[in-house]
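Below is one structure, written out as structure tokens; the observations come after it.
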Amino acid sequence: ARGGERGVVRVAVAANFAGVQEALAERFTRETGYAVRASVGSTGQLYAQARNGAPFDVLLAADTARPRRLEREGVAVPGTRVAYAEGRLALYAPSVDTVRGAPDLRARGWRHLAIADPRTAPYGAAAEQVLRRLGLGGAVGDRLVRGGDVGQTLQFVRSGAAELGFVAYSQVVAAPRRSYWLVPRALHEPVLQEAVLLRPGASSAAAAAYLRFLRSEAARRIIAAHGYDTPR
Amino acid sequence: MGPLAPSDWQAVLVTLRLATVTTLVLLVVATPLAWWLARTRSWLRAPVEALAGLPLVLPPTVLGFYVLWALGPLGPIGRVWERLGGDRLVFSFRGLVIGSVLYGLPFAVQPLRNAFGAIGERPLEVAATLRASPLDRFLTIALPLARPGILTAATLAFAHTVGEFGVVLMIGGNIPGRTQVVSVAVYNHVEALEYAPAHVLSAGLLAFSFAVLLVVYTLGRRAGAEAP
Amino acid sequence: MGPLAPSDWQAVLVTLRLATVTTLVLLVVATPLAWWLARTRSWLRAPVEALAGLPLVLPPTVLGFYVLWALGPLGPIGRVWERLGGDRLVFSFRGLVIGSVLYGLPFAVQPLRNAFGAIGERPLEVAATLRASPLDRFLTIALPLARPGILTAATLAFAHTVGEFGVVLMIGGNIPGRTQVVSVAVYNHVEALEYAPAHVLSAGLLAFSFAVLLVVYTLGRRAGAEAP
Amino acid sequence: MSALDARFRLRVGALDLDIAFRAEPGVTAILGPSGAGKTTVLRCLAGLRRPADAVIHLGDAVWQDDRAGIFVPPHRRGVGYVFQEADLFAHLSVRRNLRYALDRAPEHRVRWDDAVAWLGVGPLLDRAPGRLSGGERQRVAIARALLSSPRLLLMDEPLSALDEVGRRDILPYIAELPARLALPIVYVSHSLTEVARLADHVVWLVDGRIRRAGPPADVLAHPEFAQWLGDAAAVVADAVVQGHDDRFHLTRLDGPWGPMLVRRHGSSEPGRRVRVQIAASDVSVGLARETDTSILNQFAVRVRDVTPTSPSDVLVRLGRDDGPALLARITRRSAHHLALAPGRDVYARVKSVAVLD
Amino acid sequence: MSALDARFRLRVGALDLDIAFRAEPGVTAILGPSGAGKTTVLRCLAGLRRPADAVIHLGDAVWQDDRAGIFVPPHRRGVGYVFQEADLFAHLSVRRNLRYALDRAPEHRVRWDDAVAWLGVGPLLDRAPGRLSGGERQRVAIARALLSSPRLLLMDEPLSALDEVGRRDILPYIAELPARLALPIVYVSHSLTEVARLADHVVWLVDGRIRRAGPPADVLAHPEFAQWLGDAAAVVADAVVQGHDDRFHLTRLDGPWGPMLVRRHGSSEPGRRVRVQIAASDVSVGLARETDTSILNQFAVRVRDVTPTSPSDVLVRLGRDDGPALLARITRRSAHHLALAPGRDVYARVKSVAVLD
Ligand SMILES: Nc1ncnc2c1ncn2[C@@H]1O[C@H](COP(=O)(O)OP(=O)(O)OP(=O)(O)O)[C@@H](O)[C@H]1O
Ligand SMILES: Nc1ncnc2c1ncn2[C@@H]1O[C@H](COP(=O)(O)OP(=O)(O)OP(=O)(O)O)[C@@H](O)[C@H]1O
Ligand SMILES: [Mg+2]
Ligand SMILES: [Mg+2]
């Protein structure tokens, strides 16, 4: 099964984007007739798997570093990288009436601020930048708890274990507006997510179609509806 | 089927198959090893025993990472294997089994080894004088007398394989219908904030496993014979 | 110190502390439970035994998810605990211990239960006729005779706690110096493609654990007395 | 000095145990075929099994009384139990096995050095139990039971793994115990010599019921019992020391059938009571007193009855109707030849008399 | 019909075993004090322990020969081993314990029904070993060893947990085995009756060395051995059946000391050889033949020697110098009274003669 079945795109997708990718796949299949089979994982894991011969045609990473690296290492097809989404950071605090951002972070009424691990999760790195730019790096340092990824970070907050958390805006789009603060872009580097065509999908028409589809208007609308910005 | 998607059901099937196969393979692999450990006087005993415990100390994803590399087309085992004409080991059910067996080894070896140790020499000596060959003694005396240990090894291995997902996720690649197991599916649901199916799957896992364990522990442990 | 950051070293210390405390707590908790399981004739035996095996069947992160909720300030246990004036349970070392103990329970209970079962009634009866009270018998006869099981329980619990990271990450919040453990550190290195420190930490974990296990298995299992 | 009183019932497997007996300080021997329930009786007395409808007490201490809802667990009874299979603690050396008992004894009525010396376990003290021979294990188990200073001693074939000589060395010591420690011993044995030697009271157990119980003289001489025993039949009786013959190292006794000469028995004072055992196979019968014979003891006795015990043998009970009987196992041919019948006066010639204490 | 030849050395703990003996088809009894190494010898013969410098063969089959580098493992030796502690397989019922042996036997020289009946284990077949009494376990273990149709039978105090009656029932059966199955039995026992009854050859083991070995008549009558044994001393001798006395159910034998009358022994043909055992304590000495006595057997014999064995006793060896000896344990006083000295002609009166096969 090394070549994969004809007419199926094998997509490796970062966990935070798994939900959106499902909606995308449905639309894609409707439009093209190609089926999509998704493998969800963390970007680091998907990277390691891709390097070790995983049967993935397309990688939807949560960052730009690893697609670039795959390209450099010859695992991805050069020139196929595309930024398909830009994540927005949100400060989420379901237990606070109205979240205004920096003032809430300076307030004393909370014990734990959850962020994703800056070293492995782009949203974590972004959150760290926000704290630094707000001049809070030292003040909150010992009250930070780190989730392995944004998914866990959200769970820290949802369970009440942490009062505040920097999560992906895409995770809180459905939450009451006042319980989160959409962090201004200026406070952190953009969280760009790139997709890339991997070697096993190099000659797959379906895979090429899927990468094209990601940039299509229909796809952008779906992505935007899930709380991502869509880079040009 | 309620909140569960078809892929969830596929994952259930893959999980059951994986746990069953892994448990059987583990028993087959661990039993002779444990037997040797329980009886040898070689200086190799302690090192080998310690070695068999090592898979536990690496975080599963990390262990998975190394196994993925070793079994993958670039790794020492995978390369040789594929050069010999073997199908790719990773991202297949076979790969999952290899990873799960490796990770489950300590759970199987230790209880078996203790059970064999607890038998003592005497029943085996008696059997030897009744013309039972070493293999015969092993099969007809040692194995039945080691039943509690076998039971424990099997239940720990089974339960652990059901719940494990780090190694499996890494080696299997989480491919629906092939290598996606329930544990990963639950994990994905939780990550995707789909709490309803996560709860249903978790509850199902717990209920099913409880039922299995209950049957095993009820039937498997006949009350021991009373002392006269 | 080569490729390792100071936070890695802190994580090593936290891990050792966690594994040690967890192992001790587990032995204390599991021993009476295993003793009861090995000796009771109550119908409750099989259900309780099955229950003690359940923590294994949930993926660690998922178990961690539920435990986080239960121990958190909104969960049933956390709420009561904090209302009674207790400090927050999650994101603390104490929370880690609770989670690790829960997850490690099956590894401790099963070997102990088998070891107690293998002793048989007779030595305890003899001790009773020598005026040893039930507690005395347990301490002076049952525990020493169950040594192989205690050893296995302890090594499995220790090794598993060293390697576990799902539950720990979820409940601990990965706070450097407080709840960040090596397994999470290794995992992070691998995720972050920092392979060099990942390899160093993994190798260190393996070497250290091998040394611990080797000592335990060499000293812990004196050759059994020969049959006369 | 407290006696054991026990009455209980218990079903184990196919066996229906129904027991009532009293064991005075001294040795109560339980005899009976394999599977009769002897071990089970000991287990009930130790509290290791809980019989039904039971009343068991040792002196004033009530150990079990099901009417009153009393059941004292084994570790509060203070019984010393020598199990049928010597069960030493495998994880403790011989010394620590013994210390285990000593450390938990509320008083030390048996001294360490004495127990070690009497049972000859000194050279074994640092051995692991797995490295002992069968007889060595049994001796250690006996020493351990003694060192717990029990109030009741239960012994289940304690000497079965010992050789004749080892047995001969240990028996007198066990025989002394009841007097020394003022405790009852319940002693299960298959060896009639042991029983005759030790027992103050004999319980003959068959199929879970007491077939016959009483002083050894009565139970052992009972034809039914003697018949069961066959060649091993013997009687015991009490005799009084008259004096000693120092030249030939003999002791003169006054027994129920007349004076007798036995191997010198220690330096017992005249007037002391001793017990003698005479095996039925050691007694022959003649019509006249004979002089030029190596047989020292000839009693003028009257035949009480003659019971055929096999096609070739009869068992002749001799003695006065109101005294203890003497048993002679002789051939039917001899009985015919001598015209033995109840009332006939004969001489019983006793080849050997064993003095038991 | 193959004999066992064994020669080996072994150090176990403090014991230094150094053994060489030959066991012809028939019963070789090993006697000796506790800890002498008896069990260890059996374990070496079975191959469960590997002694040094060993040469062990059974007939043509070499089991161990360290010069030639041969060591046959236990399961290829075909030994039936009744262990000192009856070790039944705890996970198998009695029936399946027995079948375990039967299923692995290359031939069935002992039939299932026979073994079950002889050892009376029929009612126990469906029991778990944990629910048997001590004696029951021992009988099952014997049956199991027999059902494996061994070429050599090793029995380590196989009857120690049995009562006198059970023993009496099983002994004759064991006595028949060597002839029936043409195999040697090596039999460890503390009971002289068992040994005298069964043994064709006696090995007296002390501290790991053979102190004395030979036909029972020689070993048992040896003063050193008799002295060790004390009261239990006895001799054995062969006799030839002359005929039967049907009226009194007796058998006439021609023995080394003259004709004798014994309890009817089966229906043995005149001319058949049988073995008789006479305990030293059953023999008295007189100067004249006596008539009106229940004693059937009186032999005119000559005193060979008189050995003091205790301050009160002597052991008198009687008989011709070239024939087997008869032992009489009598008091020193009687010896003096009858002026017993080598060469004196006396009558040996034998109270009871046990015919052993
Ligand atoms: N746990 C048990 N379950 C069922 N039957 C049992 C159990 N223990 C003993 N028995 C049976 O009860 C009877 C009495 O056993 P017990 O051990 O008291 O006999 P015993 O008189 O000591 O015999 P022995 O002299 O052979 O030791 C035997 O028939 C035995 O098979
Ligand atoms: N494994 C062992 N290690 C050390 N010494 C041992 C071992 N087994 C037996 N012995 C010692 O060797 C000697 C002989 O033991 P063995 O069991 O052969 O004696 P035995 O003649 O059978 O005695 P018994 O009549 O008491 O059963 C004993 O002193 C015993 O303590
Ligand atoms: Mg018994
Ligand atoms: Mg022995």
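FYI, side chains are in, hydrogens and waters are out, and symmetry mates aren't considered; it's all heavy atoms of this structure. Quick caveat, the model's predicted, so the values are computed rather than measured. Just so it is clear: chains get the letters A, B, ... in the order the sequence lines come, proteins before strands, and each one is counted from 1.
Between chain D and the residues E:Ile330, E:Val12, E:Val316, the largest count of heavy-atom pairs under 4.5 Å involves E:Ile330. The candidate from D:Gly135, D:Ala335, D:Gly120, D:Ser284 with the greatest count of non-hydrogen atom pairs under 4.5 Å with chain E is D:Ser284. The candidate with the highest count of non-hydrogen atom pairs below 4.5 Å against chain E, out of D:Pro123, D:Gly166, D:Pro33, is D:Pro33. For chain E, the option among D:His337, D:His336, D:Arg332 with the highest count of heavy-atom pairs below 4.5 Å is D:His336. Contact count against chain E (heavy-atom pairs under 4.5 Å) is highest for D:Val283 among D:Leu31, D:Leu340, D:Val283, D:Asp245.
Heavy-atom minimum distance, E:Ser34 versus D:Asp163: N-OD1, 3.2 Å. The shortest heavy-atom contact between E:Ser133 and D:Gly35 is OG-N, 3.5 Å. Taking all atoms of both residues into account, the shortest heavy-atom contact from E:Gly134 to D:Gln84 is CA-NE2, 3.6 Å.
At a 4.5 Å heavy-atom cutoff, the contact between E:Ser160 and chain D is made by backbone and side-chain atoms alike. Neither the backbone nor the side chain of E:Leu124 comes within less than 4.5 Å of any heavy atom of chain D. Proximity to chain E (any heavy atom under 4.5 Å) is shown, for D:Glu136, by both the backbone and the side chain. Of the atoms belonging to D:Asp156, not a single heavy atom falls under 4.5 Å from chain E. Both the backbone and the side chain of E:Ala161 come within less than 4.5 Å of a heavy atom of chain D. The parts of D:Arg247 that come within reach of chain E are both its backbone and its side chain, each placing non-hydrogen atoms under 4.5 angstrom from that chain.
The 12-atom threshold is exceeded at CZ of D:Arg127, counting heavy atoms of other residues, nucleotides or ligands nearer than 6.0 Å.
No side-chain heavy atom of E:Leu261 sits less than 4.5 Å from a side-chain heavy atom of D:Thr331. You'll find the side chain of E:Ser334 reaches within 4.5 Å of the side chain of D:Leu296, heavy atoms only. Counting only heavy atoms from C-beta outward, the side chains of E:His190 and D:Leu162 never approach each other to under 4.5 Å.
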